[in-house]
Amino acid sequence: MSPSRIPPLRVSAFTATSSVGVGKGALLAALEQSKSGLRANDFGPTPLPTWIGRVEGLEELRLPDELAGWDCRNNRLAWLGLQADGFIEAVAAARKRYGADRIALILGTSTSSIGETEAAYTELDNGAFPAHQRRPKVHTPHSLTLFVQEALGLEGPAETISTACSSSGKVFASAERLIRLGLVDAAVVGGVDTLCGSVLFGFNSLELVSPEPCRPFDAARNGISLGEAAGFALLERGEGPLELLGYGEASDAHHMSTPHPEGLGAERALDDALARAGLQPEDIDYINMHGTASTKNDEVEGALVARRFPPTTHASSTKGFTGHTLGAAGIVEAVISLLAIETGLKPGTVNTTTLDAECGPQIKLQPAHGEVRYALSNSFGFGGNNCSLVFGKGASA
């Protein structure tokens with residue numbers, strides 16, 4: 001049974017910071033110019049021979065004194081991301097309107113502050129963390145949300161969602177439910193993930209990491225490029241120029257790291273997102289595909305889009321710009337979808353030269369311009385954990 005249509009939520013502020021730069025302006029410029037932010041891997045003492053999307057300046061960045069106890073790479077990136085595009089000011093204004101306890105905070109992350117925990121293990125003192133690393137609030141998957149909650153002065157429900165690559169897509173679904181049920185009046189959603197040894201060497205052990213810049217949907221694609229990013233959005237009741245219209249979530253549980261061969265879970269998420277938005281596939285003007293450049297993920301998603309959408313639909317993967325930012329991928333690509341609606345820019349698929357013949361004509365290599373009324377963003381994670389989001393242009397746009 002399909003879900004019912006839901007009232008739209010206004011996206012009143014949003015931002016993203018990644019390897020292409022800080023804030024929406026840098027991201028939009030990279031998309032417009034088809035300029036990748038990937039670089040040869042220079043992370044860690046023994047860098048793997050791969051390419052990464054690394055955010056500049058995190059090593060030198062310092063948190064404010066009152067937040068210094070939260071210091072780690074992931075929370076530094078969160079702080080950097082919060083500064084962009086007037087986001088902190090937008091949240092402060094919402095806090096004044098609704099009260100700190102009436103704004104939810106829902107963030108997605110895959111590794112949170114595990115990089116700091118890795119560092120602590122290299123400094124073990126008689127089997128224990130050294131004194132300066134005995135910080136339980138940092139060495140927890142919930143560290144990101146606890147840190148951002150304090151940084152923004154929020155007191156409402158706080159959730160950390162960790163469902164691999166769908167994490168910061170699913171935050172929108174959780175926020176919609178909390179607002180619709182009247183538990184809160186607004187929600188800050190987003191996600192942050194940073195590079196660390198566990199991510200780089202873990203994905204390498206799965207034989208998923210490419211030795212060159214990733215090439216989504218390319219006939220000769222050979223793996224992913226990992227990246228780091230932070231992104232946030234503020235959701236409120238009512239209509240606005242930019243709106244969250246629908247979401248769909250599904251878990252096909254086919255395999256821990258391989259999608260269902262027919263994309264059944266992904267298709268269920270897609271169908272539910274369209275149903276909640278009250279739209280048909282032909283209504284969608286731009287699709288931001290999950291498109292990791294791994295063999296099976298691209299094959300399954302490419303076939304799904306080819307069979308469900310008109311040939312004229314503009315679809316692309318933006319992983320070649322930022323790298324696969326794991327738990328932050330959903331929010332970064334939601335921001336890209338919102339920028340497409342706001343500006344009419346439909347990004348291309350950078351680094352890719354020869355499309356896989358199994359993929360449909362929807363996947364475009366070059367950017368295009370035109371009205372984008374509705375955009376779809378796909379985020380598909382390990383274990384078949386899938387999420388699709390539909391954003392739209394409101395009547396007041």
Side-chain angles (χ1 to χ4, degrees), residues 2-16 24 85-87 89-108 145 148 152 154 156-159 161 166-191 231-249 269-270 272-279 283-286 288 330-342 372-379 387-397:
S2 296
S4 301
R5 189 170 183 175
I6 59 173
L9 289 180
R10 181 169 77 255
V11 184
S12 50
F14 62 103
T15 185
K24 294 185 292 188
D85 300 312
F87 191 79
E89 291 77 11
V91 175
R95 193 177 65 231
K96 187 174 181 179
R97 284 196 299 276
Y98 303 119
D101 62 340
R102 294 293 298 174
I103 302 176
L105 175 64
I106 311 161
L107 301 180
T145 307
V148 174
L152 294 178
L154 299 180
E159 302 176 14
I161 295 179
S166 64
S167 300
S168 59
K170 288 169 69 67
V171 298
F172 287 88
S174 189
E176 191 278 334
R177 289 188 285 267
L178 288 174
I179 293 173
R180 176 162 44 89
L181 292 171
L183 299 175
V184 294
D185 297 309
V188 173
V189 300
F232 303 95
L234 175 62
L235 304 179
E236 302 182 64
R237 296 180 191 276
E239 299 177 347
L242 298 170
E243 298 172 346
L244 171 69
L245 299 179
Y247 61 85
E249 302 169 281
L270 166 65
D272 285 0
L274 290 172
R276 286 190 172 95
L279 298 173
D283 296 320
I284 301 297
D285 301 300
Y286 171 63
N288 189 292
I331 184 64
V332 170
E333 291 157 22
V335 167
I336 292 171
S337 301
L338 290 165
L339 285 172
I341 296 169
E342 191 172 63
V372 178
R373 299 162 302 161
Y374 305 111
L376 170 75
S377 182
N378 289 331
S379 298
C387 181
S388 292
L389 302 172
V390 176
F391 298 98
K393 182 179 292 187
S396 61

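What you are looking at is a predicted structure, and each value in this text was computed from that prediction instead of being measured.
At least one side-chain heavy atom of R97 sits under 4.5 Å from a side-chain heavy atom of E236. Here the side chains of S388 and V390 are not in contact, with every heavy-atom distance at 4.5 Å or above. Looking at Y247 and I6, their side chains come closer than 4.5 Å, going by heavy atoms from C-beta outward. With a 4.5 Å cut-off on side-chain heavy atoms, V188 and L152 count as touching. Contact of the L105 side chain with the T145 side chain is registered, since non-hydrogen atoms from C-beta on lie closer than 4.5 Å. Taking 4.5 Å as the limit, every side-chain heavy atom of L234 sits out of range of all side-chain heavy atoms of F14. At a threshold of 4.5 Å between non-hydrogen side-chain atoms, the residues V189 and L235 count as touching. Side-chain contact check for V148 versus L107: some heavy-atom pair is nearer than 4.5 Å.
Summarising the geometry of A273 relative to G248, their closest heavy-atom pair is CB-N, 3.6 Å, with the distance given to 0.1 Å. Smallest separation of non-hydrogen atoms from G392 and Y374: CA-CD2, 3.9 Å. Closest of all the heavy-atom pairs between A275 and P3 is CB-O, 3.7 Å. For I161 against I106, the heavy-atom pair with the smallest separation is CD1-CG2, 3.8 Å. For the residue pair P157 and L178, the shortest heavy atom distance occurs at CB-CD1, 4.5 Å.
At least one donor-acceptor pair under 3.5 Å links the side chain of R10 to the backbone N or O of R237.
Considering CZ of R276 and CG of L389, their distance stands at 11.0 Å, rounded to 0.5 Å. Rounding to the nearest 0.5 Å gives a distance of 10.0 Å between CZ of R102 and CD1 of I179. Atoms CG and CG, on L376 and L245 in that order, are 11.5 Å from each other to the nearest 0.5 Å. Annotation: the span from I103 atom CD1 to D185 atom CG amounts to 8.5 Å, rounded to 0.5 Å. One distance of note links OG1 of T15 with CZ of F87; it measures 8.0 Å at 0.5 Å rounding. Annotation: the span from E333 atom CD to N378 atom CG amounts to 9.0 Å, rounded to 0.5 Å.
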Test log, rule side chain to side chain contact (heavy atoms under 4.5 Å, CB included), inputs L274 and D283: CA-CA 9 Å; L274 290 172; D283 296 320; over 6 Å; no
Going through the distances and angles, do Y286 and R373 end up as a side chain to side chain contact (heavy atoms under 4.5 Å, CB included)? CA-CA 9 Å; Y286 171 63; R373 299 162 302 161; over 6 Å; no
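In this view, D85 satisfies the salt bridge (Lys or Arg N to Asp or Glu O under 4.0 Å) rule with no residue, not counting sequence neighbours.
Comment: K393 does not engage E243 in a salt bridge, judged by the lack of any side-chain N to carboxylate O separation of less than 4.0 angstrom.
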Determine all donor-acceptor pairs shorter than 3.5 Å in which one atom belongs to a side chain in residues 167-175; sequence neighbours excluded.
{"residue": "S167", "atom": "OG", "partner": "T163", "partner atom": "N", "Å": "2.8"}
{"residue": "S167", "atom": "OG", "partner": "A164", "partner atom": "N", "Å": "3.3"}
{"residue": "S167", "atom": "OG", "partner": "A164", "partner atom": "O", "Å": "2.6"}
{"residue": "S168", "atom": "OG", "partner": "G327", "partner atom": "O", "Å": "2.7"}
{"residue": "S168", "atom": "OG", "partner": "G330", "partner atom": "N", "Å": "3.2"}
{"residue": "S168", "atom": "OG", "partner": "I331", "partner atom": "N", "Å": "2.9"}
{"residue": "K170", "atom": "NZ", "partner": "E249", "partner atom": "OE2", "Å": "2.7"}
{"residue": "S174", "atom": "OG", "partner": "E159", "partner atom": "OE1", "Å": "2.7"}
{"residue": "S174", "atom": "OG", "partner": "E159", "partner atom": "OE2", "Å": "3.3"}

